[in-house]
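The structure appears below as structure tokens.
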Amino acid sequence: MRIKKGDTVYIRSGKDGGKTGKVLRVDSSAGTVLVEGLNMYKKRSRPRKQGEKGEMINLPRPLNASKVMPYCSSCGRGVRVGFRSDGKVSTVRYCKRCQSVL
């Protein structure tokens, strides 16, 4: 997957299309990502103790990874990602548009 935990991503489509957020969790087997504060749904919780009231909790739902793309801070938009060697053992991800390291 080209998206990692902690990345800032751009939402391409859906009710939150055009927004950006931070990735909280990546599930590569299901192909989904959990983005902080986006794709929220309301869950109703029942009262557990006597005299306690039920409440509504806002929780984020996972998005399909195909609906998000990495966000480049220097370009200011969602971008395609490339991989290149940084001269050491590891590889780095870079923006295909401005060539800056993500």
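Please read these numbers as outputs of a predicted model, since none were measured by experiment.
- In this structure S85 satisfies the side-chain hydrogen bond (donor to acceptor under 3.5 Å, both in side chains) test with no other residue, sequence neighbours excluded.
- In this structure K96 satisfies the salt bridge (Lys or Arg N to Asp or Glu O under 4.0 Å) test with no other residue, sequence neighbours excluded.
- For the side chain to side chain contact (heavy atoms under 4.5 Å, CB included) test, residues two or more places apart in sequence or in another chain that qualify with K19 are D16, L38.
- The side-chain hydrogen bond (donor to acceptor under 3.5 Å, both in side chains) search around S28 returns none, not counting sequence neighbours.
- One finds the OG1 atom of T32 at 4.5 Å from the CG atom of D27 (value rounded to the nearest 0.5 Å).
- With sequence neighbours excluded, the residues satisfying side chain to side chain contact (heavy atoms under 4.5 Å, CB included) with K4 are D7, R93.
- Taking Ile, Leu, Val, Met, Phe, Trp and Tyr as hydrophobic and joining them when side-chain heavy atoms fall under 4.5 Å apart, one finds Y71 in a cluster with Y10, M69.
- For R80, the salt bridge (Lys or Arg N to Asp or Glu O under 4.0 Å) test picks out no residue, with sequence neighbours left out.
- Not a single side-chain hydrogen bond (donor to acceptor under 3.5 Å, both in side chains) links T91 to another residue, sequence neighbours left out.
- Residues passing the side chain to side chain contact (heavy atoms under 4.5 Å, CB included) test with S73, sequence neighbours excluded: none.
- Taking the side chain as every heavy atom from C-beta outward, C95 and C75 approach each other to under 4.5 Å.
- The distance from atom CG of L102 to atom CD1 of I3, rounded to the nearest 0.5 Å, is 11.0 Å.
- For residues 59-69, the pairs satisfying side-chain hydrogen bond (donor to acceptor under 3.5 Å, both in side chains) are N64-S66, with sequence neighbours left out.
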For residues 41-52, dump all side-chain donor-acceptor pairs below 3.5 Å to protein atoms at least two apart in sequence or in another chain.
| unit_1 | atom_1 | unit_2 | atom_2 | d |
| --- | --- | --- | --- | --- |
| R44 | NH1 | K42 | O | 3.4 |
| S45 | OG | E55 | O | 3.2 |
| E52 | OE1 | R48 | N | 3.2 |

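- Between L34 and V23 there is no side-chain heavy-atom pair separated by less than 4.5 Å.
- I57 CD1 to M40 CE: the interatomic distance, rounded to the nearest 0.5 Å, is 11.0 Å.
- One hydrophobic cluster, built from ILVMFWY side chains closer than 4.5 Å, holds both V26 and V68.
- Note: I11 CD1 to T20 OG1 = 8.5 Å, rounded to the nearest 0.5 Å.
- At most 12 heavy atoms of other shown residues, nucleotides or ligands fall within 6.0 angstrom of atom CZ in R25.
- For S13, there are no side-chain hydrogen bond (donor to acceptor under 3.5 Å, both in side chains) partners at least two apart in sequence or on another chain.
- Note: E36 CD to T8 OG1 = 10.0 Å, rounded to the nearest 0.5 Å.
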